[in-house]
A.B. asks: 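For reference, the structure I am asking about is given below.
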There are 2 protein chains.
Amino acid sequence: MKLEKITSGRSYDDACATAHALDLIGERWALLVLRELMLGARRFGDLRASLPGISANVLTQRLEGLESAGIVRRRKLSPPASVQVYELTAWGAEAEPIVLALGRWAVRSPWHDPSLPLSPVALMLSFRAKFDPARARRVRVSIGFRFGDETFSVMVRDAALTTARADFGATEAQVSGAPGSVAALIYGKVRLEKLERQGALAVTGDRRMLQRFVDLFELPSKADTST
Amino acid sequence: MKLEKITSGRSYDDACATAHALDLIGERWALLVLRELMLGARRFGDLRASLPGISANVLTQRLEGLESAGIVRRRKLSPPASVQVYELTAWGAEAEPIVLALGRWAVRSPWHDPSLPLSPVALMLSFRAKFDPARARRVRVSIGFRFGDETFSVMVRDAALTTARADFGATEAQVSGAPGSVAALIYGKVRLEKLERQGALAVTGDRRMLQRFVDLFELPSKADTST
DNA sequence: CGGCATCCGGGAAGATACTG
DNA sequence: CAGTATCTTCCCGGATGCCG
């Protein structure tokens, strides 16, 4: 099968693998769809809600293209759920370093505006992108996050960070609020007390553990565009 | 200044840094322009020649956008050259991990076609992408490459690889031919003797050193799109 | 010739309405 | 809820021409 038929876009006709990657996932919205699938299967409507601005027909096209390229798979959940979801193939999941590399680079952009809407998955992935193992040695914490009806757990131990969709369950501290408010706490270094007073965040459990987690991350430095 | 004015494209309006990266370098051809600038300043015509299929007006637009975003800078070479070139800013050069991550991922694509045209810079960057320090311990080689009138040198020592535009000069072996033929030698594991017999490559210097370099790289494995 | 503006055709993206 | 159909807008790509 010809490549143009797979993504139904134009090909760069370049043997360079980077160019080929752009043939596969370089179309508008494609990489953000992958981002939203990085933490597990999602429904069509979930994806639409997490990608403000995408229209239904474009999302349909992207999912079709990614599916025929072997990056995304559609699956029907077993009854009684019987609902259709989209998930990454093993190869699709291997695109995570691309998503993280893009984030690490652009967070230093002078034009980056952290006040825009932020999806829960995007926030969770940002932890993976900015996590510094050297800084996390000897730190052992587990934090739960709740955004609406989505919950996640983040664990730091043995200088490694793991993120997953999971119950608050066995975490040491739990945070509820908007993803952007959590970002303000961690990356903007806004004081937790202030965010609680504003009603932006609600915390239960061991607050000192949460602060220990926050201190794992530093303020991103802005890039030098003059040299 | 509003972001939309910088790249003159549409914005994702997403606080996620990955989305912002796509605002900056997600337009068609943008990342390939960066790729071609990764190994040093280039002229407009050089870029056009290395990016078959790009039209002059699109290249102009991309260069303008990347320049106003602080990723690319245009510079006038001092006389007597007095010619205009484009080069990466310090921040633009930091996008290299993105280019390499895309390449590492897509080289495993079932649809990747290595027989398409390949630019010299793309080949040189592929060395950086696929270099395995563990495999290169105790190896110390320097190879020169010539593609038309462009020459590069690659050095491996102390489990590190360095690539640069440079004379053949002090390298131990020198290779001339098309970038695709070098790729066939290194990634396709086509025998050097065969490529020489076909007239695809010409080698001078210590052939054993060249073979030692070739052996640093392994055949890329194809991805699993079924699980 | 290098760099860039202009015009145009085709096609992808965006918005909205509609259907099972 | 999960898409499809339709229409509009705008980007991409190709051709041409201008200017230093």
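FYI, side chains are in, hydrogens and waters are out, and symmetry mates aren't considered; it's all heavy atoms of this structure. Here is how names work: the chains are called A, B, and so on, in the same order as the sequence lines, proteins then strands, and each is numbered from 1.
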A.B. asks: For nucleotides 15-17 of chain D, tabulate all protein N/O to nucleotide N/O atom pairs closer than 3.5 Å, reporting atom names and distance.
C.D. replies:
none

A.B. asks: Determine which pairs satisfy salt bridge (Lys or Arg N to Asp or Glu O under 4.0 Å) with at least one residue from residues 97-125 of chain B, sequence neighbours left out, and list them in order.
C.D. replies: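 Of all non-adjacent pairs touching residues 97-125 of chain B, those that pass salt bridge (Lys or Arg N to Asp or Glu O under 4.0 Å) are A:Glu94-B:Arg108.
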
A.B. asks: Which residues satisfy the side chain to side chain donor-acceptor pair (under 3.5 Å) test with A:Asp167, sequence neighbours excluded?
C.D. replies: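 With sequence neighbours excluded, A:Asp167 shows a side chain to side chain donor-acceptor pair (under 3.5 Å) to no residue whatsoever.
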
A.B. asks: Considering residues, nucleotides and ligands other than B:Met38, do more than 12 of their heavy atoms fall under 6.0 Å from its CE?
C.D. replies: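 Atom CE in B:Met38 is crowded, with more than 12 foreign heavy atoms closer than 6.0 Å.
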
A.B. asks: Counting only non-hydrogen atoms, which of residues 34-53 of chain B are less than 4.0 Å from DNA chain D?
C.D. replies: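 The answer is B:Gly53.
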
A.B. asks: For B:Thr204, check side chain to side chain donor-acceptor pair (under 3.5 Å) against everything at least two apart and list the hits.
C.D. replies: B:Gln174

A.B. asks: Taking ring-ring contact (aromatic ring centres under 6.0 Å, His included) as the test, write out the residues that go with B:Phe127, two or more places apart.
C.D. replies: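 For B:Phe127, the residues satisfying ring-ring contact (aromatic ring centres under 6.0 Å, His included) (neighbours in sequence not counted) are B:Phe145, B:Phe213, B:Phe217.
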
A.B. asks: Output all residues satisfying salt bridge (charged side-chain N to carboxylate O under 4.0 Å, His left out) with B:Arg43, sequence neighbours left out; order by chain, then residue number.
C.D. replies: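 B:Arg43: no salt bridge (charged side-chain N to carboxylate O under 4.0 Å, His left out) contacts found.
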
A.B. asks: If a pair satisfies salt bridge (Lys or Arg N to Asp or Glu O under 4.0 Å) and one of its residues is in residues 218-227 of chain A, list it, with sequence neighbours excluded.
C.D. replies: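 Non-adjacent pairs meeting salt bridge (Lys or Arg N to Asp or Glu O under 4.0 Å): A:Arg135-A:Glu218.
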
A.B. asks: Output the pairing pattern of DNA chain D as a dot-bracket string, 5' first, Watson-Crick or G-U wobble with both distances under 3.5 Å, | for cross-strand pairs, [ ] for crossing pairs.
C.D. replies: ||||||||||||||||||.|

A.B. asks: Counting only pairs under 3.5 Å, give me each side-chain donor-acceptor contact of residues 116-124 of chain A, with atom names and distances, residues two or more places apart or in other chains.
C.D. replies:
unit_1: A:Ser119; atom_1: OG; unit_2: A:Glu36; atom_2: OE2; d: 2.6
unit_1: A:Ser119; atom_1: OG; unit_2: A:Ala122; atom_2: N; d: 3.0

A.B. asks: Using atom NZ of A:Lys76 as one end and atom P of D:dC1 as the other, report the distance to the nearest whole Å.
C.D. replies: 16 Å

A.B. asks: Let me spell it out: for each of A:Tyr12 and A:Tyr86, pick the nucleotide of DNA chain D with the closest heavy atom. Which residue's pick is nearer the 5' end?
C.D. replies: A:Tyr86

A.B. asks: Please list, chain by chain and in numerical order, all residues satisfying side chain to side chain donor-acceptor pair (under 3.5 Å) with B:Glu96, sequence neighbours excluded.
C.D. replies: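 Side chain to side chain donor-acceptor pair (under 3.5 Å) check on B:Glu96 returns B:Arg128.
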
A.B. asks: Given atom CD1 of B:Ile54 and atom P of D:dC12, what is their separation to the nearest angstrom?
C.D. replies: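 B:Ile54 atom CD1 is separated from D:dC12 atom P by 10 Å.
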
A.B. asks: Not counting sequence neighbours, which residues clear side chain to side chain donor-acceptor pair (under 3.5 Å) with A:Arg75? List them please.
C.D. replies: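 A:Arg75: side chain to side chain donor-acceptor pair (under 3.5 Å) contacts with A:Glu87.
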
A.B. asks: Mind calculating the distance between CZ (B:Arg10) and C1' (D:dC10) to the nearest angstrom?
C.D. replies: 5 Å

A.B. asks: Figure out the CZ/P separation between A:Arg62 and C:dA13, and round it to whole Å.
C.D. replies: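 To the nearest whole Å, that distance equals 4 Å.
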
